[in-house]
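These numbers come from the heavy atoms of this one structure, side chains and all, not from hydrogens, waters or symmetry mates. Chain letters run A, B, ... following the sequence lines, proteins first, then strands; residues in each count from 1. All figures in this text were calculated on a predicted structure; none of them were measured in a lab.
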There are 2 protein chains.
Amino acid sequence: MTGSGIKAGSQHQQGVTRLESQDLRNAGLKVTAPRLKMLELLEKAEGRHLTAEAIYRLLLDAGEEIGLATVYRALTQFEAAGLVTRHHFEGGQAVFELERGPHHDHIVCIHCGRVEEFFDEVIEKRQRSIAEKLGFELRDHTLTLYGECNTPSCKNKSTKS
Amino acid sequence: MTGSGIKAGSQHQQGVTRLESQDLRNAGLKVTAPRLKMLELLEKAEGRHLTAEAIYRLLLDAGEEIGLATVYRALTQFEAAGLVTRHHFEGGQAVFELERGPHHDHIVCIHCGRVEEFFDEVIEKRQRSIAEKLGFELRDHTLTLYGECNTPSCKNKSTKS
DNA sequence: TATAAGATGAGAACTATTCTCAATAAAAGA
DNA sequence: TCTTTTATTGAGAATAGTTCTCATCTTATA
């Protein structure tokens, strides 16, 4: 959607793959082709949020032989290992993104689905004090803003409703 | 938030029912037994978050004759009418709560599932300016904190994992 | 290499939710 | 009040997203 030209080519081979292999080993997972392919794909997606189905299709389209079950399984494992984050935006399907850098929240366009990320220390701090005040030990949070974005390619598109 | 002992008795009859009837009419919905029963139940739940399934079971247990499809349908209509809010906390099932007062966010215990509500103007304000800065017209948001609560009845319970 | 532990793909199974449809009940009109 | 119109209902089928099962195949290890 954004357009930082990412193609399904095969630029990075060994170097990246090695890093990814290490990620897998660190997570106690065997280094297998499906997993590496998935990590590569997520890497190339550069922060875009993909559904399991999308990952599956992209890999199939790229000529990989992979099963949907494997995609789901791997994503769950990656999540447990802290390699990816799973989000439940509106609309049933979970989306996944590679965990790069620390934490951030999201704003999603209700028309075109575009997702931007942000981080705000004021909000973070506030959350901590709210949790404390209410007698909770904060472990996690999800903050998602929904709005209408201003990209020219957006407004035209129909809403889900 | 408060925790005043709510029992599944049948205290309020006519008075409340009339208010609820009006809510339905205002929403352009016919006043029917299933809908009234659902609103009554949500009313009695005083802010607790119920799944569609839970509402269905509670009504069955209370001797009402109702179908699960009706519950889902009505909840969707109530939501469209602004009578209830739907939340997607972790775990697949959506939960519903009667819309009372203005807006608030939630903190959920990852052990016992207890939900508390809060409102924080600083966070709200911050969200608005973030949206603006990123070129979005803010329409909605969800903020849910996850933590471990301090109620004695909680820590013992097992985590979902 | 041979072996054991893990991972895989395909499809069945499952869960949450929505849809279909004939029967029914509520609002509106006479 | 009786009738007509139209929305609503319950039951079960259907769907979407995800997880499970299992026989087969790979990876890491001896």
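Remark: B:T51 is not in phosphate contact with C:dA16, judged by side-chain N or O atoms under 4.0 Å from OP1 or OP2. An OP1 or OP2 oxygen of D:dT18 is reached within less than 4.0 angstrom by a side-chain nitrogen or oxygen of A:Y72. Between A:T70 and C:dG9, a side-chain N or O to OP1/OP2 separation shorter than 4.0 Å is present. At the phosphate of D:dT19, neither OP1 nor OP2 sits under 4.0 Å from any side-chain N or O atom of A:R73.
One interatomic measurement links the two molecules: CZ of A:R86 to C1' of D:dT19, which rounds to 11 Å at whole-angstrom precision. We find that CG of B:L50 is positioned 13 Å from P of C:dT17, with the value rounded to whole Å. Regarding B:R25, its CZ atom lies at a distance of 13 Å from the P atom of D:dT8, rounded to whole Å. Atom NZ of A:K37 and atom P of C:dG9 are 13 Å apart (whole Å). One can place CD1 of A:I55 at 14 Å from C1' of D:dG17, the figure rounded to the nearest angstrom. Rounded to whole angstrom, the span from the CD atom of A:Q22 across to the C1' atom of D:dA28 amounts to 14 Å. Between the OH atom of A:Y56 and the C1' atom of D:dT18 there is a distance of 14 Å, given to the nearest Å. Atom CG of B:L29 and atom C1' of D:dA7 are 10 Å apart (whole Å).
Using a 4.0 Å heavy-atom criterion, one finds that B:E53 contacts no nucleic acid atom at all. Residue A:A52 is out of contact with every strand shown, counting any heavy-atom pair closer than 4.0 Å. Residue contacts shown for B:A94 are limited to sugar-phosphate atoms, with no base heavy atom under 4.0 Å away.
Closest heavy-atom contact between A:F119 and A:E124: CE1-CG, 3.5 Å. For A:C109 against A:C149, the heavy-atom pair with the smallest separation is SG-N, 3.4 Å. Considering all non-hydrogen atoms of both residues, B:L143 and B:D105 come closest at O-CB, 3.4 Å.
Each of B:T70, B:L68, B:L41 was compared with B:L59 under the side chain to side chain contact (heavy atoms under 4.5 Å, CB included) criterion, and only B:L41 meets it.
Between B:V95 and B:V31, the one whose closest nucleotide on DNA chain C sits nearer the 5' end is B:V95. Residue-to-nucleotide proximity on DNA chain D shows that, of B:A69 and B:K30, the 5′-proximal contact is made by B:K30.
Inspection of the B:T85 and B:E99 side chains reveals an N or O donor paired with an N or O acceptor under 3.5 Å.
Closest to the side chain of B:P34, out of D:dG10, C:dA27, C:dT17, is D:dG10. Picking from C:dA7, C:dA27, C:dT18 the nucleotide with the shortest atom distance to the side chain of B:T76 gives C:dT18. Here the nucleotide nearest the side chain of B:I66, chosen from C:dA27, D:dT8, D:dG10, is D:dG10. Distances from the side chain of A:Q77 to the nucleotides D:dT9, D:dT18, C:dA7 place C:dA7 closest.
Atom CD of B:E65 sits in a sparse spot, with 12 or fewer heavy atoms from other residues, nucleotides or ligands closer than 6.0 Å.
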